[in-house]
Amino acid sequence: HVKLGDNFTAYSLFKAMKKRDCFPDVVTYNAIIHCLCKEGFLGTAIKMFESMETDGCIPNVVTYSSLLHGFLKLGRLRSAYTLFQRMEKIGIKPDAHVYCILIDGFGRFGKLGHALRFLDQMKREGCPRNSVIYNSLIGSFIKMGRVQEAARFFYEMSHNELAPDVFTFSILIGSCGNCGLPNEAYQIFRRMTENGYKPDAYVYTALINSFGKAGQPNRAWQLFEEMKAHGCAPNVATYNSLINYLGKAGQTDEAYKLFEEMAERNCTPDLFTFSTLMDIFGKARNIRASCALFNQLKTRGLVPNAFVYNIHIQNLWRAGELKMACDVFHEMQTVRCAPDAVIFNTMIGVLVEAGDTNAAILLYEEMTEGGLRPN
RNA sequence: AACGCGAUGAUAUC
């Protein structure tokens with residue numbers, strides 16, 4: 001069940017087995033801690049970790065790596081570091097997996113010094129590096145603008161007889177796209193194919209997105225067709241990216257046709273798809289279409305998040321439906337979707353435009369008291 | 001005893 005991503009069933013079974021005095025072992029605990037961390041229930045995961053001992057289970061390196069991953073995903077770097085030290089202190093030797101998690105986790109929050117220190121420690125301990133480590137380092141260093149060092153890691157990889165893999169190329173192509181360098185992204189793409197690497201949907205999506213972002217949606221579309229011609233099936237992210245940039249370029253009909261094509265190709269639209277289309281139609285002043293999409297996503301069993309609500313509220317605002325915008329803001333809270341800072345920004349705008357400055361000030365206070373930072 | 005558990009890449013809003 002954990003492997004299938006059915007964390008809820010996994011957790012129920014775990015509780016059922018404890019109720020019947022069937023005691024979980026380390027592996028079972030590890031699986032459940034892993035899925036709790038993945039679902040964001042870090043507190044429960046920690047409680048599990050602490051109750052392991054009473055069940056006579058001794059946490060092992062896998063237990064620690066799951067928890068470290070849980071902390072780092074939430075950006076709790078300090079707690080992760082403390083846990084890592086505790087693990088070493090009780091004599092559990094960190095393996096390559098643990099270092100991957102640490103280097104990736106610290107790196108993605110810009111703590112490159114820490115990432116480098118972990119890499120160093122790995123080397124000192126004779127723990128072999130793998131491509132996951134280098135891919136993480138390359139990604140984080142590029143993101144922080146330290147491209148020269150990222151390039152050094154790329155070459156260091158080969159020295160360790162680690163060939164770059166499809167992950168490495170997708171990081172490089174995606175980074176070029178983020179920097180507004182679609183032609184460079186394409187050069188890397190060509191080089192990887194010339195060297196016998198088979199680009200997958202992630203690579204194509206990164207490439208298509210690079211051209212879309214650079215204001216060349218039709219070039220992106222052309223690559224999308226090439227992708228299909230080469231037998232690589234576009235996935236939901238590929239469609240989402242292309243729909244987004246066609247829409248942003250004002251080609252709303254084409255964007256909607258792609259949405260319809262998804263159904264023909266058994267590609268299930270997700271929240272990204274709907275929010276992208278809702279935004280496109282809202283900005284094209286087609287409030288009916290955007291509201292229809294909002295209803296459709298719900299009937300399809302998707303649960304709107306703060307992102308989707310924000311687009312919906314903004315569209316209503318643009319259409320002059322200030323009352324409805326306020327109603328939706330309240331609706332989201334009754335369905336336990338916590339508004340984020342962006343939503344508060346939007347709603348403050350709505351209330352000011354509605355002439356209700358007092359309510360806007362109250363919302364501002366609600367926002368700051370809720371621990372959200374005004375931006 | 002064996003088996004089972006952990007890591008890196010793409011897409012949406014102000």
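Here is the naming used below: chain letters follow the sequence lines, and residue numbers restart at 1 for every chain.
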inquiry  = Is there a ring-ring contact (aromatic ring centres under 6.0 Å, His included) between A:Phe118 and A:Phe84? Walk through the geometry before answering.
reply    = CA-CA 11 Å; A:Phe118 289 125; A:Phe84 173 66; 5.5 Å; yes
Symbol by symbol from the 5' end, with Watson-Crick or G-U pairs under 3.5 Å, [ ] crossing and | another strand, RNA chain B is ..............
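- Here the side chains of A:Met367 and A:Met347 are not in contact, with every heavy-atom distance at 4.5 Å or above.
- A 6.0 Å sphere centred on NZ of A:Lys198 holds no more than 12 heavy atoms belonging to other residues, nucleotides or ligands.
- Ring geometry for A:Phe294 versus A:Tyr309: interplanar angle over 60°, hence perpendicular rather than tilted (30 to 60°).
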Going 5' to 3' through nucleotides 6-12 of chain B and flagging B where a protein heavy-atom sits under 4.0 Å of the base, S where only the sugar-phosphate is that close, and - otherwise, we get BBBBBBB
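- Panel note: side chain A:Asn195, backbone A:Tyr197; no donor-acceptor pair is recorded below 3.5 Å.
- If you check residues 343-375 of chain A against RNA chain B, the residues with a heavy atom closer than 4.0 Å are A:Asn345, listed by number.
- In this structure, the CG atom of A:Asp25 is 13 Å from the C1' atom of B:A2, given to the nearest Å.
- Centroid-to-centroid, the aromatic rings of A:Tyr64 and A:Phe49 come within less than 6.0 Å.
- Taking the ring centre of A:Tyr186 as origin, the terminal cationic atom of A:Arg219 falls inside the region bounded by 6.0 Å and 45° from the ring axis.
- Contact between A:Ser241 and A:Thr205 at its shortest, heavy atoms only, is CB-CG2, 4.4 Å.
- For the pairing with A:Tyr99, the side-chain contact (heavy atoms from CB on, under 4.5 Å) check across A:Pro128, A:Ser65, A:Pro94, A:Ser136 returns one residue only, A:Pro94.
- In summary, the side chains of A:Glu226 and A:Tyr204 do not present any donor paired with an acceptor at a separation below 3.5 Å, with no hydrogens or angles considered.
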